[in-house]
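Below is one structure, written out as structure tokens; the observations come after it.
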Amino acid sequence: MRVYLPCTLPALARAVEAGLLGPAPLTGYAVTPALTEWYASGDTEELEYVALTEAARASLRMLAADRADGVEAPPRRVVVAADVPDGAVSAVADLDERARVRLADPVALAKVASVHVDDLDAVADVEAAVAALPAADGGDDDARFTVDGAEAHELMWYATQEIPDLLA
């Protein structure tokens with residue numbers, strides 16, 4: 001099963017050093033039965049895009065958490081796509097995030113299929129989205145609009161061989 005794992009560039013660097021994404025349990029996003037039922041007319045590619053988008057949203061929250069912990073994380077959303085056995089994934093019942101899944105074990109880098117990262121053109125919008133998250137969570141419509149503005153940027157696709165270049 002293809003799972004999309006939210007990440008940040010510092011977390012990706014730690015994963016490369018450790019040889020795996022972890023620690024477990026991990027939250028990821030995938031084409032779940034709930035997502036398929038909700039998007040009854042979508043094909044697999046469309047559903048995977050929805051899961052990728054939800055992982056990118058979660059990456060914003062990881063960036064905010066890094067900042068709160070004093071970790072300097074470049075304002076770029078990162079999503080790691082990995083192929084894991086179906087049995088390693090359990091769906092999370094959440095009507096707001098129908099694609100959310102839980103992985104009980106860390107994911108070896110050998111299972112990574114690709115990495116998706118914001119282009120440098122998105123940096124200002126991602127920075128603004130991270131700053132607006134608390135107000136958006138509090139119901140501020142203008143802040144929600146700012147957070148949604150980060151989603152106007154498509155994540156760039158990188159092969160696993162390109163990860164060292166991303167981190168350089």
Side-chain angles (χ1 to χ4, degrees), residues 2-18 20-22 26-32 35 38-39 42-83 94 96-101 103 107 109 111-168:
R2 175 68 49 98
V3 177
Y4 298 92
L5 301 163
C7 199
T8 63
L9 287 172
L12 181 60
R14 290 189 300 272
V16 167
E17 188 175 308
L20 54 84
L21 291 153
L26 294 169
T27 297
Y29 298 83
V31 178
T32 63
L35 183 66
W38 195 51
Y39 278 90
D43 64 14
T44 302
E45 189 173 312
E46 289 173 291
L47 295 171
E48 286 182 343
Y49 183 78
V50 171
L52 172 73
T53 301
E54 288 192 21
R57 263 186 230 128
S59 177
L60 276 178
R61 295 199 176 279
M62 292 178 78
L63 284 168
D66 276 358
R67 300 277 173 84
D69 291 342
V71 176
E72 286 197 35
R76 295 170 75 187
R77 297 168 300 159
V78 178
V79 176
V80 177
D83 294 316
D94 186 337
D96 291 330
E97 294 181 307
R98 289 173 171 84
R100 189 160 40 133
V101 296
L103 284 77
V107 176
L109 280 185
K111 300 290 184 185
V112 172
S114 59
V115 176
H116 306 263
V117 181
D118 274 312
D119 189 64
L120 291 175
D121 293 343
V123 166
D125 288 335
V126 172
E127 186 75 56
V130 169
L133 273 173
D137 289 345
D140 183 317
D141 288 337
D142 290 334
R144 184 73 233 158
F145 182 78
T146 300
V147 171
D148 290 345
E151 289 181 20
H153 297 276
E154 295 289 329
L155 298 179
M156 307 298 290
W157 181 91
Y158 293 91
T160 55
Q161 312 84 294
E162 296 175 290
I163 293 173
D165 294 333
L166 278 171
L167 300 174

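- Contact detail for L103 and G28: the closest heavy-atom pair is CD1-N, 4.4 Å.
- With S59 contributing its side chain and C7 its backbone, the two residues share a donor-acceptor pair below 3.5 Å.
- For the side chain to side chain contact (heavy atoms under 4.5 Å, CB included) with P75, the qualifying choice from L9, T8, V126, L60 is V126, the only one to do so.
- Atom CG of D121 is separated from atom CE of M156 by 9.0 Å, given to the nearest 0.5 angstrom.
- Taken to the nearest 0.5 Å, the CD atom of E45 stands 11.5 Å off from the CG atom of L52.
- When all heavy atoms of A113 and D83 are compared, the closest pair comes out as CB-OD2, 3.8 Å.
- The distance from atom CD of E162 to atom CH2 of W157, rounded to the nearest 0.5 Å, is 6.5 Å.
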Walk me through it: do T27 and R100 pass the test side-chain contact (heavy atoms from CB on, under 4.5 Å)?
-> CA-CA 7 Å; T27 297; R100 189 160 40 133; 3.5 Å; yes

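- Side-chain contact between L21 and V112 is present, with heavy atoms from C-beta onward closer than 4.5 Å.
- To the nearest 0.5 Å, atoms OH (Y4) and OG1 (T53) are separated by 10.0 Å.
- Partner R76 forms a side chain to side chain contact (heavy atoms under 4.5 Å, CB included) with one of L155, L120, L63 and no other, that one being L120.
- With rounding to the nearest 0.5 angstrom, the CD1 atom of I163 is 5.5 Å from the CG atom of L12.
- Nearest heavy-atom pair across A56 and V79 is N-CG2, 3.6 Å.
- The closest donor-acceptor contact from the side chain of D43 to the backbone of E46 lies under 3.5 Å.
- Across every non-hydrogen atom of V147 and A136, the tightest pair is CG2-CB, 3.9 Å.
- Residue pairs meeting the side-chain hydrogen bond (donor to acceptor under 3.5 Å, both in side chains) criterion with at least one partner in residues 122-144, sequence neighbours excluded, are R61-D137, R67-E127, D125-H153, R144-D148.
- Scanning all heavy atoms of the two residues, the minimum distance from P10 to P74 falls at CD-CD, 4.0 Å.
- Put simply, the side chain of D118 gets close to the backbone of R77: a donor and an acceptor are under 3.5 Å apart.
- A distance of 9.0 Å separates OG1 of T32 from CZ of R98, quoted to the nearest 0.5 Å.
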